[in-house]
Amino acid sequence: VTIARVALDVPLPQLFDYRLPLLERDPIGCRVVVPFARSTRIGVIVECGAPRTAEERIKPVSRVFWAEPALPADVLELARFASRYYRYPLGPIVIGALPGALRRVRGEAGTRGRWLRLTPAGEGLLSVDVLPARAVARRRVLSHFLEHGAADWSALRALTTSAGRAVAELIRAGWVEQAQPPPRPPLQPPQRAARLPSARALTAAQLEAAGSVTRALGTFTPFLLYGVTGSGKTEVYFHAIDALLASGAQALVLVPEINLTPQLVQRFGARFPGLRVAALHSGLAEGDRLRAWQAAQSGEAEVVIGTRLAVFTPLPRLGLIVVDEEHDASYKQQEGLRYSARDLAVMRAKLRRVPALLGSATPSLESFAQARAGSYRLLTLAARAMTAPPAVRCVDTRGQRLRDGLSVQVMEQIDRRLQRGEQSLVFVNRRGFAPALTCSACGWAAPCPRCTARLVVHLGEQRLRCHYCGHQERIAIRCAACGNQDLAPAGHGTQRIESSLVDAFRSARVLRVDRDSTRRRAAFAGMQERILRSEVDILVGTQMLAKGHDFPRLTLVSVVNTDSALYSADFRATERLYALLTQVGGRAGRGEVPGEVLIQTAFPQHPLFDAVQRLDYPGFASALLEERRAARFPPFAYQALLRAEAHRRETVSAFLDAAAGAAAVGEGVEVFDPVPAPVPRVAGKERGHLLVQSTSRARLQRFLDSWHAALEEIDARHVRWALDVDPLEF
Ligand code: ADP
Ligand code: ZN
Ligand code: ZN
């Protein structure tokens, strides 16, 4: 009898043993149903071995999905690595790598069987009109069968919420029956349509970059592709992928934003007609996600484009991993398994011995330092492919009367774009109307009752809202401190800039793009369409608009109130501001007309702006690296942050003090004092943290081995804590 060690989605570090009475093939990576704590769960077999306790006390697995392809070895290996490195239980990582539809026992995994198909009688049906018109669910399900012949449960459930009843009725009518799942498509490269002859002639720099990647196929080689915005990094990806596909391999392309996925999928489609692309991101309906995942796993999809979780996708013929906008903070997951998908992508490339291509106009200092040290190969695209780089100017706001936060120069330039029928973008990094409601007499600002934060004025809904915890209340009419009734919104958010632009340019069509205006599903896609169709003159937007978009008629980008980042306590603030200004500025002038970027600031002499103007990322990054080296900050130190939260401040402090006490000192690891988090209270919870760091990654990891074990021993009944390895946010 074989004992299967099974990964389960439970917050415990160990694997669980079950008896495996029958072996149809190598069981590693197989999905199973197992009994667990009076119910059943989905698991994945990660190891096999001899029993660790008396065999008869070990329960048997309830079911093995022998017919399904197993999770491949490299995905399991990546999960193990992530578990060790980020100090997180293996079970949830492995189960988390499965699409949602495969994580549940009920449904297709249950006793009903996964697959259904038409019976011969069902195949004889000509249309769904055998069913009454009011039988909407049944008609929808039957129509799916008539089109496809067979279906799995998750696809049916994606059609209607009453799929279960509808199917039962179709079975009773004798039209549908349970069936074996169809055989997987063979793992061969599908026939490709002939390549379009119009594939672009690359510039010399693009050719050289693409050539380097192509020559490295089949080996683990990490590349950093540094290319200014508009330099044609995507064309380099395409070229390398083109060479890759010819050999029948698959490419994995990671992107930071859900919003960018459809655009990139389209570009792939235009460049490679007939290409089988699977998109994987959290915005997908469950059935679609399952299908895309299965297409990747079966080898049917040639290119998989996805957000960070896609780094765990099974890809039998993986030949190249691309990480676009590799500097982007959204590659780091901020809860649960706090992994960096960019870093795991490089690790996966290493496990599979394939190249990893990280691209950015503003590489993270971590990657840039790797390139300078020679461990990543640096590829450079120094010029835009087609258009001139945008002209960047600072607008000095000192001594100026701003009109609702906007300078005369910005207003003039917007006006000029309106005359010429071009588009302008005003970038504001705050949503809402104003970031605070303040008292003119005593300086009081309406606070969130549950957080150390001010409430943001949302004038449209006549509410004050907390952007940390979601608390909302009516707009106060008098000061809670002095009773004064003269309360005024302070500062400028997107809504305020929007309304001031609407006032100033009566005939202009102004569109605000932020999380509030794009809450509805697909709202953002609709807005992109309107922008591309020139139905918008002025855009007001947050980060959402900064990344990757290509709006050819957009020729002016204005940036307002980003000064706070220049003198922030966060050591990464200037790196981020540089990236942000470059990204958002890079939206300007991507069409025929050259672009212009105006940055409103009270510190026009700051060296950061100078570097942005000269497009001198390498110079700026080198200077920042010297500062980081002197201050012993990443990438010259490796950090782990112990985060803790509890209802009472004393509980947090006691836990963190105990944690500091449990740290074995010496051996080149620094343990800092526990401190309150930058926002000390969120949603009624006090937060604190404790930073440890070392100049050696290996030494830090060795320290964490013993420290993590010691942390588990501390009485933490009223504390929630987590280790964050390589933290990005403090
Ligand atoms: P990046 O991702 O580096 O910002 P893109 O790959 O989006 O740049 O390319 C910017 C624009 O330049 C796109 O419209 C693209 O089609 C065009 N482009 C890229 N390379 C070339 C080339 N070699 N010849 C002509 N146009 C190009
Ligand atoms: Zn007051
Ligand atoms: Zn709050």
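Just so you know, ligand 1 is whichever comes first in the structure, and atom 1 is the first atom listed for that ligand. Heavy atoms only: backbone and side chains are in, while hydrogens, waters and symmetry mates are out.
- Just one residue in the list R649, R648, H647 forms a side-chain hydrogen bond (donor to acceptor under 3.5 Å, both in side chains) with E686, and that residue is R649.
- Checked against the 6.0 Å centroid criterion, the rings of Y376 and F368 do not qualify as a close aromatic pair.
- Evaluated for a salt bridge (charged side-chain N to carboxylate O under 4.0 Å, His left out) with E326, the options R342, K233, R308 yield exactly one hit, R342.
- Ion pairing of E461 with R463 is absent here, as no side-chain N (NZ or NE/NH1/NH2) approaches a carboxylate O to less than 4.0 Å.
- The protein residues lying under 4.0 angstrom from ligand 1, judged by non-hydrogen atoms, are R200, A201, L202, T203, Q206, V228, T229, G230, S231, G232, K233, T234, E235, R267, A385, M386, D550, R590.
- With respect to the salt-bridge test (charged N to carboxylate O, under 4.0 angstrom), the residues E729 and R643 do not qualify.
- At a threshold of 4.5 Å between non-hydrogen side-chain atoms, the residues S440 and N484 count as touching.
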Mind running side chain to side chain contact (heavy atoms under 4.5 Å, CB included) on Q583 and H327 for me, showing each step along the way?
-> CA-CA 11 Å; Q583 297 296 336; H327 64 280; 3.2 Å; yes
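- Protein N/O/S atoms found under 2.8 Å from the Zn ion (ligand 2), listed by chain and residue number: C439 SG, C442 SG, C479 SG, C482 SG.
- In this structure, L381 and Q206 have side chains that are in contact, with non-hydrogen atoms separated by less than 4.5 Å.
- Residues satisfying the salt bridge (Lys or Arg N to Asp or Glu O under 4.0 Å) criterion with E473, sequence neighbours excluded, are absent altogether.
- Neighbouring protein atoms of the Zn ion (ligand 3) (N, O or S, distance under 2.8 Å, waters ignored): C448 SG, C451 SG, C466 SG, C469 SG.
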Q. Does the pair T229 and T582 meet the rule for a side chain to side chain contact (heavy atoms under 4.5 Å, CB included), with working shown?
A. CA-CA 8 Å; T229 58; T582 304; 4.2 Å; yes
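- A salt bridge links E596 with R417: the distance from a Lys NZ or Arg NE/NH1/NH2 to an Asp or Glu carboxylate oxygen falls below 4.0 Å.
- The aromatic rings of Y226 and Y617 sit tilted, their planes meeting at an angle between 30° and 60°.
- The side-chain heavy atoms of R271 and T234, taken from C-beta on, include no pair separated by under 4.5 Å.
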